[in-house]
Colleague: 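Below are the structure tokens for one structure; questions will follow.
The analysis underlying the following values was restricted to heavy atoms, covering all of them including side chains, and did not include hydrogens, waters or symmetry mates.
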Amino acid sequence: LDLRYRLIPYHYSLAHALFSTASLWIRPLVVAFPEDEAAAAVASQWMDGHILVAPVLGSDAQRRVYLPSGTWYSLAVAPLSNTSQIYTGPTMLNGTAGLDEIPAFVRAGTVLPLAPAGLQHVGQLPGGHLEVQVYAGADGSFDLVEDDGDSLAYRSGEVRKTSFAWDDSSKTLSWSVTGTAGAGGERAFRKVCMRVITEHGHIESFALPLGKGGRLT
């Protein structure tokens, strides 16, 4: 449940992209990786935006996860999580899934906006600072979209868009804000902090006002 609410900024933005550009939100692996012949045979995994979801389907807790080409991290969204397993694809992961394991993975370069831990309903947003997770190893970007969450004003462009960009060589997260400044109302995030996930662990930054733009290193 905590993961569901932490992912609200991410999923809300993907939903808006689906509305505004018809960009597919949920995709089978064969669509996300059309040149990977092995991905065409995988029917029990899918892409949730940039997140590869690989649920454990059997009662014996055995997992069989296919990761396409690239550097992959296990998703690290638990509040006390300080490590993330790294894999090099293409590869197949086999074994028993732990009870506390989140069966999801992201590629290097993923930029993932998260709400604070502990939210119980959307009425508690923003609930604190926006946390932007960056999985190091490649450049990446993400457009965070916010609106009032109640009306249909987004149809006429009443949204605030924050475009995040990660430069892996300089280890810098920059952002610019466009659109309607007050579109998010009381639920809009006002400060942002960064959490960089690397092969050596996690690095957390201080929080800065979103303003009209900025950067964190």
Colleague: Measure the CG-CG distance between Asp167 and Leu173 for me, rounded to the nearest 0.5 Å.
Modeller: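 That separation rounds to 10.5 Å.
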Colleague: For the backbone of Ala183 and the side chain of Thr180, can you confirm whether one donor and one acceptor N or O come within less than 3.5 Å of each other?
Modeller: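 Side chain of Thr180 to backbone of Ala183, a donor-acceptor pair under 3.5 Å: no, none is there.
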Colleague: Is there a side-chain contact between Leu75 and Leu112 in this structure, where contact means two heavy atoms from C-beta onward sitting under 4.5 Å apart?
Modeller: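 A side-chain contact exists here, since the closest heavy-atom pair is under 4.5 Å.
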Colleague: Return the set of residues passing salt bridge (Lys or Arg N to Asp or Glu O under 4.0 Å) with Asp150 (not counting sequence neighbours), or none when no residue passes.
Modeller: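 Per chain and number, Asp150 pairs via salt bridge (Lys or Arg N to Asp or Glu O under 4.0 Å) with Arg187.
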Colleague: Can you get from Phe19 to Val159 by hopping between Ile, Leu, Val, Met, Phe, Trp and Tyr side chains that sit under 4.5 Å apart?
Modeller: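 Same cluster: Phe19 reaches Val159 through Ile, Leu, Val, Met, Phe, Trp or Tyr contacts under 4.5 Å.
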Colleague: Count I, L, V, M, F, W, Y as connected when their side-chain heavy atoms are under 4.5 Å apart, and connections chain through other members. Are Val42 and Leu93 then in the same cluster?
Modeller: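 Looking at the clustering, Leu93 is in the same group as Val42.
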Colleague: For Glu146, is there an ion pair with Lys161 - N to carboxylate O distance below 4.0 angstrom?
Modeller: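 Result for this pair is no, no salt bridge flagged.
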Colleague: Minimum heavy-atom separation for Ala188 to Pro126, with atom names?
Modeller: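 Reported closest heavy-atom pair: O-CG, 3.6 Å.
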Colleague: Would a 4.5 Å heavy-atom cut-off, applied to side chains only, mark Phe142 and Thr162 as touching?
Modeller: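 Of all side-chain heavy-atom pairs linking Thr162 with Phe142, none is under 4.5 Å.
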Colleague: Minimum heavy-atom separation for Ser205 and Leu216, please, with both atom names.
Modeller: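 The pair with the smallest heavy-atom distance is OG-CD1, 3.7 Å.
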Colleague: With a 4.5 Å cut-off on side-chain heavy atoms, are Trp166 and Lys171 touching?
Modeller: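 Heavy-atom side-chain distance check passes, below 4.5 Å.
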Colleague: Kindly indicate whether the side chain of Arg160, heavy atoms from C-beta on, has any atom under 4.5 Å from the side chain of Val177.
Modeller: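 Yes. Closest side-chain heavy atoms under 4.5 Å.
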Colleague: Would you say Ser13's side chain and Pro9's backbone share a donor-acceptor pair under 3.5 angstrom?
Modeller: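 Such a contact is found between Ser13 side chain and Pro9 backbone.
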Colleague: Do side-chain atoms of Asp168 reach the backbone of Gly137 as a donor and acceptor pair under 3.5 angstrom?
Modeller: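 Checking the backbone N and O of Gly137 against the side chain of Asp168, a donor-acceptor pair under 3.5 Å is found.
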Colleague: Do Leu130 and Pro113 have side chains that get closer than 4.5 Å, going by heavy atoms?
Modeller: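 With C-beta onward as the side chain, the pair touches.
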Colleague: Roughly how far apart are Arg63 CZ and Leu57 CG, rounded to 0.5 Å?
Modeller: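 Here the interatomic distance stands at 13.5 Å.
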Colleague: Of all heavy-atom pairs between Asp2 and Leu119, which one has the smallest distance, and what is that distance?
Modeller: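 Smallest heavy-atom distance, with atoms named: OD1-N, 4.4 Å.
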Colleague: Measure the CE-CG distance between Met194 and Leu208 for me, rounded to the nearest 0.5 Å.
Modeller: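 One gets 9.5 Å once the value is rounded to the nearest 0.5 Å.
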Colleague: Are Ile26 and Leu24 packed together at the side-chain level, in the sense that at least one heavy-atom pair is separated by less than 4.5 angstrom?
Modeller: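 Counting from C-beta outward, Ile26 and Leu24 never come under 4.5 Å.
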Colleague: Ignoring hydrogens and angles, tell me if any N or O in the side chain of Ser141 forms a donor-acceptor pair with the backbone of Ala165 under 3.5 Å.
Modeller: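 Such a contact is absent between Ser141 side chain and Ala165 backbone.
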Colleague: Which label fits His50 and Tyr10: parallel for a plane angle under 30°, tilted from 30 to 60°, or perpendicular past 60°?
Modeller: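 Correct class here is tilted.
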Colleague: Pick out which of Leu7, Ile102, Leu14, Thr110 makes a side-chain contact (heavy atoms from CB on, under 4.5 Å) with Ile51.
Modeller: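 Exactly one candidate clears the test, Leu7.
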Colleague: What closest approach, in Å, do Leu52 and Pro68 show between heavy atoms, and which atom pair accounts for it?
Modeller: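 Heavy atoms of Leu52 and Pro68 come nearest at CD1-CD, 3.9 Å.
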Colleague: Can you hop from Phe164 to Phe206 via hydrophobic side chains spaced under 4.5 Å?
Modeller: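 Linked within one cluster.
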Colleague: When you group the ILVMFWY residues by side-chain heavy-atom contacts below 4.5 Å and let the links chain together, are Val65 and Leu3 in the same group?
Modeller: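 Hydrophobic grouping puts Leu3 apart from Val65.
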Colleague: Is the number of heavy atoms from other residues, nucleotides or ligands within 6.0 Å of CZ (Arg27) greater than 12?
Modeller: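 Result for CZ/Arg27: enclosed.
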Colleague: Please tell me if the side chains of Tyr12 and Leu144 come closer than 4.5 Å, counting only heavy atoms from C-beta onward.
Modeller: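 With C-beta onward as the side chain, the pair stays apart.
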Colleague: Strictly distance-based, threshold 3.5 Å: is any side-chain N or O of Ser84 a donor or acceptor partner for the main-chain N or O of Ser74?
Modeller: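 Yes, Ser84 side chain to Ser74 backbone: donor-acceptor pair under 3.5 Å.
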Colleague: According to a 4.5 Å side-chain heavy-atom criterion applied to Ile, Leu, Val, Met, Phe, Trp and Tyr, with indirect links allowed, do Val134 and Ile86 form part of one hydrophobic cluster?
Modeller: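 Yes, because Val134 and Ile86 connect within a single hydrophobic cluster, where side-chain heavy atoms sit under 4.5 Å apart.
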Colleague: For the residue pair Phe189 and Pro116, establish whether any side-chain heavy-atom pair is separated by less than 4.5 Å.
Modeller: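 A side-chain contact exists here, since the closest heavy-atom pair is under 4.5 Å.
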Colleague: Whether the side chain of Gln45 engages the backbone of Pro55 through a donor-acceptor N/O pair (distance < 3.5 Å, no angle test) should be reported.
Modeller: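 Here the side-chain-to-backbone pair does not exist.
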Colleague: Under a 3.5 Å distance rule, please check whether Tyr5 uses its side chain to pair with a backbone N or O of Gln120 as donor and acceptor.
Modeller: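 Answer holds: yes.
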Colleague: Please check if the side chain of His121 supplies one atom and the backbone of Gly123 the other of a donor-acceptor pair under 3.5 Å.
Modeller: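 Yes.
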Colleague: Drop me the distance from Asp60's CG to Thr96's OG1, to the nearest 0.5 angstrom.
Modeller: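 Between Asp60 CG and Thr96 OG1, I get 7.5 Å after rounding to 0.5 Å.
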Colleague: May I ask you to decide if Trp175's main-chain N or O and Ser163's side chain share a donor-acceptor pair within less than 3.5 Å?
Modeller: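 Pair absent, no side-chain N/O of Ser163 close to backbone of Trp175.
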Colleague: Which atom names give the shortest non-hydrogen contact between Val196 and Ala136, and what distance separates them?
Modeller: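 Nearest pair, atom of Val196 first, then Ala136: CG1-CB, 4.1 Å.
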Colleague: I need the Leu114 CG to Arg6 CZ distance, nearest 0.5 Å.
Modeller: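 Those atoms lie 4.5 Å apart.
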Colleague: Please state whether the rings of His11 and Trp25 are parallel, tilted or perpendicular, taking 30° and 60° as the class boundaries.
Modeller: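 Answer is tilted, since the angle falls between 30° and 60°.
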Colleague: Looking only at side-chain N and O atoms, does Trp46 offer a donor or acceptor that is under 3.5 Å from a partner on Asp48?
Modeller: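 Side chains of Asp48 and Trp46: no pair found under 3.5 Å.
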Colleague: Let's go through Gln133 and Tyr135 carefully: what are the C-alpha distance in whole Å and the side-chain angles of both, what is the deciding distance for side-chain hydrogen bond (donor to acceptor under 3.5 Å, both in side chains) to 0.1 Å, and is it a yes or a no?
Modeller: CA-CA 7 Å; Gln133 282 195 353; Tyr135 291 81; 2.6 Å; yes
Colleague: Test Tyr66 against Asp36 for side-chain hydrogen bond (donor to acceptor under 3.5 Å, both in side chains), laying out the working first.
Modeller: CA-CA 11 Å; Tyr66 176 69; Asp36 188 330; 2.6 Å; yes
Colleague: Mark yes or no for whether Arg195, through its side chain, and Cys193, through its backbone, hold a donor-acceptor pair below 3.5 Å.
Modeller: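 Answer holds: no.
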Colleague: Can you give me the closest heavy-atom contact between Glu199 and Tyr73, atom names plus distance?
Modeller: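 Answer, listing the atom of Glu199 first, then Tyr73: N-OH, 4.3 Å.
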